[in-house]
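Below, chain A is the first sequence line, B the second, and so on; all start at residue 1.
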Amino acid sequence: MDEAQLQVFIDGTIHYFTQASDEPADVGTPYLIGEEQTVADEYTGIIGISGKRRGTVYFTAGPGLLKVLLMSLGETDLSHEFLCDLVGEVANTISGNARRSFGSDFMISVPLVVKGQPERIHSPNNLRSFVVPINWRSHQAALVITIE
Amino acid sequence: MGGREAGQYKGIIGAIGLFMVFVAGVFGLNFYMAERLTTDGGGVTLAGEQSMLAERLMKNLMMLEGRLVAGDPVEDAQLALRRAAGSFDSILSAMQGGGNATGPAGNSVFLKPISTFTGQGLLQDASRSWEIFKEALDPVLAFDGVVYAERSSEFYTPAGAEFTGLVESAVKVGSAQIEPIITAMRRLVRHLEAEAANRVAQLRLIQGGAVAVALALFVFIAVYFGRKISREERAASQARQETDNILKTVSEGLFLLDKNMNIGSTHSQAMERIFRKKSFADSKFERMLRDIVPEKTLKTALDFVGLLWTDRVNARLVKNLNPLSEVEVHFDDGSGGFETQYLQFDFNRVKQDGKLLHILVTVTDVTQRVLLARELEESQTQSKEQLDLLLSILHVEPSQLLAFLEDTDTSMKMVNTILKEPARDEAAFRSKLDGIFRQIHSMKGEAAALGLGTVEHNAHEFEELLNDMRGRDRLNGNDFLPLAVRLDHLFNHLDQVRDLVSRLAELRMAIQNTPVEAARPPHVAAVPDFRPAGDNPGQTANLGTAGEVAEAGRSVSMSLGTSQSMVSGGLVGALENLVERIAGETGKKVQLQCKGLGDSEIPSVYRKAVKEMAVQFVRNAVIHGIEEPAARQSSGKPDAGRLCIAFNPDPNGGHEMVIEDDGAGLDATEIRSKAVARGLIGQEEADAMDNGRAFSLIFRAGFSTVDEANKDAGRGVGLDLVRHRVRELGGRLRLSSAKGRRTEFRVTLPAADSQADVA
């Protein structure tokens, strides 16, 4: 996976924050994690990538960031269901952006939302993942990309 | 119903048809006979009425005679006589020749002629008598004059008298003829009744026979075709069972497609395994593929299958165009990911009587085959790279290589740690950049010292990225993305090196365990080095055990005792290689002298740092210090420059590392100028700087006197790295230089004991 392809997922994430709030998110310095490691916060939206390249992309955030984001969207219900929906929506935006950029050679799954630490996020073997910290206001989230 | 089924049931349909024709024939005959009986019944009735008519005729004639005697009116009697005679005559004629007759009540009836011989004879008998009687009767019937006279002396008129005579004559003739007529008619009645009874008997016989034949036919059809159908059903059932068994057992997915791309109702059981679903009923081919292949592939596949339905297209010719001949499919694994398989779809036309009915689709799971082929292809692609890699590591002493791998792994993890540290402002980003630069530069230097060209090349490309980032006015987190990608490449490359080292170690172990080895004479070395002959400079020693090497190759997290088995000879050898390579590339001659770099002479806690610093000092000295031979000659120096590295204990319990060369020395003016040009200091600061402070600029990150960076110099990282290492170890760094004559770096390190905790 090259920078351009990774950038598509990052742009999708940043785009969501730009659309959803008046304050854009910024990206921290990306780093690597091994295949057995995960960087998962309380709420995680996972999408599977297949076709020309295979892998997994997930957006993970804590309730703090998600609640503030919900409020900035004008939502007053900050319940667990709404937080799950929101993290799924972010993943969906990333997925849509990737579909537009990668075209019909790729298959991108419907987002799966996981609450709590996922046991294991399925991704191709022997691959390191790129962790892209997402900073928004005083909160942190992460975008994790594992693609061949 | 298809043609085959129609043929199968042709016999039974024919038999039932014949049966129906037979039943219809029997019904027709029955109808005809019933009609005949009705006609016969009519004949019997009319024949019976004829005898009554004859009697009535006679009675009317006699009543007319009586009236004439009594002088009563005769008109009504004459009218009744006429009617009776007319009816009798018309019926008799109709019985003989057929046609309409007037019944006794004045009604018209149609009669068929009585055709039997006896009947005709009786009618002739009756007709003869009737003709005689009729001859006498006709003048009576024709009379229309006045019968009685008006005067009392004469009872009758002359016509009346004649009429009376005619009546009397007719009575006489009638009395003689009526009896034969009545007899003939009665006999005719009996004859006709007998005929009717005979027909009834015939009808019963025919009906009985027909019922018997119908029953026989029914039994035949039931038994014959029942058996035949049963046989065919058994055969069909067996065929179905065999088909079921095939469909259950076959490992390929089999199904039929119709023209509308609908999947047929029957399919092989393997379909469920291949497509991970139970039901395909009412399913479309498009629906089956849509979830598992990309949209582009789906569209091409549907176009292809559509093409197969075109008769003019040759199936064998278009087979090569099949986009699903080996297609990658992806099944949603339910946890946000996909499970990838490879399927092969074959399409064959199913025709009957030249007409295309279906497309038979055969689906084979070729995942294993494809993966093996892919693995083979990848291994072939990698083989050249691995060969280059192999050649580059063959000449490196294993212990040095293992130590290098461990060090680089640590360095790259350190780079990753630096990347991971939170940073949101410019200073933090710049600090990260410098930290990463030092790690990568150190790695590159060591790789260069060991002659690991591929690693050095990868590290150099990494540095190019870092250098590019350094030149930017502003940095953000996203700018570091290429570094993470490059780091991943570097990790992968070193994984390959490790894998190769591991395989070499295993090979070495295998050689050790061969009987040939066991039989080797004691004076021959038991464990050959895997380096080419003559590549060992002589100062290297123990390789460690094969087990240690193998283990170290698999993982860099081996114990210190093994990993730090890098001997001083190894370091010296590496430095010599480095000097030889850089001197060769720059056209210089250098004599390297090493002292105190022996294995036991460097405390273990300093080994890595000493190695890193020695590499950087040596590179720095050869590139920046030692002049080319011509320049040296003009300065009255020998062609070959002298470079000395000494690592010695000092009286305070610490150690001192001295690097000295007899090269061009430092030019404070040039250093100031370059520092200003690179934006490290301002012109005013440069002007106010004494030579000592100017010399210290060479330890600043990003400082270099080389205008264009290459893989050996120009980044301004090497001495920055040295400065950081010295600071980390709590040491001191001093520099003295005489322009045109010499440069000396002196690193003072505290007692090794004080570093134990750090280590």
Side-chain angles (χ1 to χ4, degrees), chain A residues 1-7 10-11 14 26-34 39 44-52 54-58 91 99 102-114 118-124 126-135 140 145-146 148, chain B residues 289-300 327-341 412-425 428-429 431-433 435-436 465 469 475-492 495 499:
Chain A
M1 172 126 281
D2 59 31
E3 293 102 270
Q5 285 166 332
L6 291 170
Q7 194 66 50
I10 297 172
D11 289 346
I14 299 301
D26 67 75
V27 175
T29 50
Y31 61 94
L32 303 171
I33 55 172
V39 178
T44 303
I46 308 167
I47 55 173
I49 312 285
S50 208
K52 263 191 171 177
R54 288 174 291 174
T56 310
V57 176
Y58 62 91
R99 275 197 191 96
F102 295 149
S104 56
D105 284 337
F106 282 78
M107 289 180 70
I108 297 170
S109 76
V110 175
L112 173 81
V113 175
V114 177
E119 279 185 15
R120 183 173 189 275
I121 294 173
H122 179 83
S123 55
N126 305 318
L127 284 183
R128 292 174 195 84
S129 304
F130 292 89
V131 181
V132 184
I134 305 292
N135 305 311
Q140 281 80 43
I145 307 161
T146 317
E148 286 178 334
Chain B
L289 291 179
R290 191 191 304 150
D291 294 337
I292 58 172
V293 300
E295 199 180 326
K296 193 173 168 184
T297 309
L298 173 66
K299 189 178 176 309
T300 320
V327 63
E328 188 174 302
V329 296
H330 313 279
F331 296 98
D332 197 327
D333 66 1
S335 59
F338 287 103
E339 189 182 336
T340 300
Q341 299 285 309
M412 289 195 298
K413 283 177 179 165
M414 182 58 75
V415 170
N416 200 38
T417 303
I418 294 169
L419 285 172
K420 192 176 175 182
E421 284 165 3
R424 297 185 75 168
D425 57 51
F429 289 138
S431 170
K432 275 179 187 254
L433 212 52
I436 293 169
L465 284 174
M469 288 173 68
L475 291 174
N476 61 44
N478 205 42
D479 292 334
F480 286 74
L481 182 63
L483 299 189
V485 174
R486 180 56 60 183
L487 182 64
D488 187 45
H489 288 173
L490 207 46
F491 266 121
N492 290 338
D495 283 345
D499 183 52

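Heavy-atom distances place both the backbone and the side chain of A:Gln7 under 4.5 Å from chain B. Contact annotation for A:Ile14: neither backbone nor side-chain heavy atoms come within less than 4.5 Å of a heavy atom of chain B. Heavy atoms closer than 4.5 Å to chain A are found in the backbone of B:Val293, but not in its side chain. The part of B:Phe429 that comes within reach of chain A is its side chain, from C-beta onward, which places non-hydrogen atoms under 4.5 angstrom from that chain. Both the backbone and the side chain of A:Asn135 come within contact range of chain B, each with at least one heavy atom under 4.5 Å from a heavy atom of that chain. Heavy-atom distances place the side chain of B:Lys432, and not its backbone, under 4.5 Å from chain A.
Residues that satisfy the side chain to side chain donor-acceptor pair (under 3.5 Å) test with B:Lys420, not counting sequence neighbours, are absent from this structure.
Taking all atoms of both residues into account, the shortest heavy-atom contact from A:Val131 to A:Pro133 is O-CD, 3.5 Å. Closest approach of A:Thr29 and B:Glu421 over heavy atoms only: OG1-O, 4.0 Å. Across every non-hydrogen atom of B:Ala428 and B:Ala423, the tightest pair is CB-CB, 3.6 Å.
Options B:Asn478, B:Asp291, B:Leu483 differ in how many heavy-atom pairs under 4.5 Å they form with chain A, and the most are formed by B:Asn478. Counting heavy-atom pairs under 4.5 Å between each of B:Asn476, B:Asn492, B:Leu475 and chain A puts B:Asn492 at the top.
Between the side chain of A:Tyr58 and the backbone N or O of A:Leu112 there is no donor-acceptor pair closer than 3.5 Å.
For the atom pair A:Ile10 CD1 and A:Ile145 CD1, the distance stands at 5.0 Å (nearest 0.5 Å).
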